[in-house]
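Have a look at the structure below, then the notes.
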Amino acid sequence: MDQKQMVVSFKRLFEREPTHLFFAPGRINLIGEHTDYNGGHVFPAALTFGTYVLMTMREDDVFRFYSENFPEIGIVERRSNDLGFRSEDDWTNYPKAMLSLLRERTGQTLHGVDMWFFGNIPNGAGLSSSASIELATAFGLNALYGLGVEPIELVKLGQRAENEYIGVNSGIMDQFAIGMGKAGHAMLLDCDTLECEYAPVDLDGLSIVIMNTNKRRELAESKYNERRTECEEALRRLQSVLPVKALGDVSPADFERVRQAIGDEVLIKRARHAVYENDRTLKALVALKANWLEEFGRLMNASHVSLRDDYEVTGVELDTLVEAAWDNGAVGARMTGAGFGGCAIALVPTDGMDGFMEAVERRYREEVGYAPTFYAASIGEGAHELNLGELKEEV
Ligand code: GLA
């Protein structure tokens, strides 16, 4: 869909001109999975695909939401005193959450707005389409109302939207990557201090392929919250023998010394993943900076094995895709995001990409029974405003 079509659709639905256009990307995570809410490190990057939102301020206190991705839902209309969560409001709960939180944060009465969304992130694929909607809305409203809230604060509001409004106890990674991403760079983020180091992703003849399992993520939210609770319990037990604030503060050596204090095999496995994954993530930054891509790939592979065996968030679809990638020339491959379906990523020689995708698809079809989808990942800029008129090409 190009910009002209977006504007035409906006005008047809809302019978007025859009005044502003904003974009927020999706994200991949190179390594550092399920470490953010454990006070560890993550290594994500923003993508070039994401969510576009056209906006126009209104005179009254009515908010109207429309998504080109869910035309069957049509326009959802809510007054400013009626922005609470409702399950029948579906995807519009994300922009409604951001509106409520921005209003609370700034103490301002906010005028109504017409908002028109279009996203080209594959839906439910674990590439953070929901955080992308949150940040597109937040950056948009911040500029539209001239609120002057710092981007990092918008990022934190996005996480609160998930935690307090939607009910997923997710960490800060997705919103941070989407709000603060830089084209061509991955970001090593310390999720405790929010210190971030940008590292150029220069892959020397390799490309990142995103591989979508096309599996619906069933029960993903409740299992996600369950993992988080397990980690909190493991930490609580470790704290009786180790003065640490988070699993992200525990070194592998200390963990091996005191892990029996956890006293439960499942909890030991969950904590072991968090501790070693954090360590791998720090090593991955060093490897990437040294352009030591084999080591980077090895760390990715070890990450997947740990997510499969210790954290138990992969499943047959992700495992089949990743194993097929390992067997067909990937330098490294792992699931990305929360798991339970969704996407994996693979580092693949650019000149062998076609053969790679064919072979992985064949194996996946044979073992899982339907086709995966592939996308070339290119690393783009974090959320920003676009000039209406700037976006000419198809997106
Ligand atoms: C989801 C959450 C993130 C993070 C990942 C797993 O994407 O939103 O906060 O926990 O899962 O690394």
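Order of appearance sets the numbers: ligands from 1, and atoms from 1 within every ligand. This chain uses plain numbering: 1 for the first residue, then up along the sequence.
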Salt bridge (charged side-chain N to carboxylate O under 4.0 Å, His left out) partners for Glu17, two or more places apart: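 Testing Glu17 for salt bridge (charged side-chain N to carboxylate O under 4.0 Å, His left out), a comparison that skips the adjacent residues, returns Lys11.
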
Can you name the side-chain contact (heavy atoms from CB on, under 4.5 Å) partners of Ala138, sequence neighbours left out?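 Listed in chain order: Met98, Leu154.
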
Got Gln5 and Glu68 here, is their nearest side-chain heavy-atom distance under 4.5 Å?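 They are not in contact (no side-chain heavy atoms under 4.5 Å apart), so the answer is no.
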
List for me each residue that meets ring pair (Phe, Tyr, Trp, His ring centres under 6.0 Å) alongside Phe117, sequence neighbours excluded, and say none if there are none.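 Applying ring pair (Phe, Tyr, Trp, His ring centres under 6.0 Å) to Phe117 gives Trp91.
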
Using a 4.0 angstrom limit on heavy atoms, which residues are close to ligand 1?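 Protein residues near ligand 1 are Arg27, Glu33, His34, Asp36, Tyr37, Ser170, Gly171, Met173, Asp174, Tyr224, Gly337, Ala338.
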
Lys182 to Tyr198 six-membered ring, cation-pi geometry met (6.0 Å, 45°):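 Yes, a cation-pi geometry.
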
Side chain to side chain contact (heavy atoms under 4.5 Å, CB included) between Ile210 and Phe49, worked out: CA-CA 12 Å; Ile210 302 175; Phe49 43 64; 4.2 Å; yes

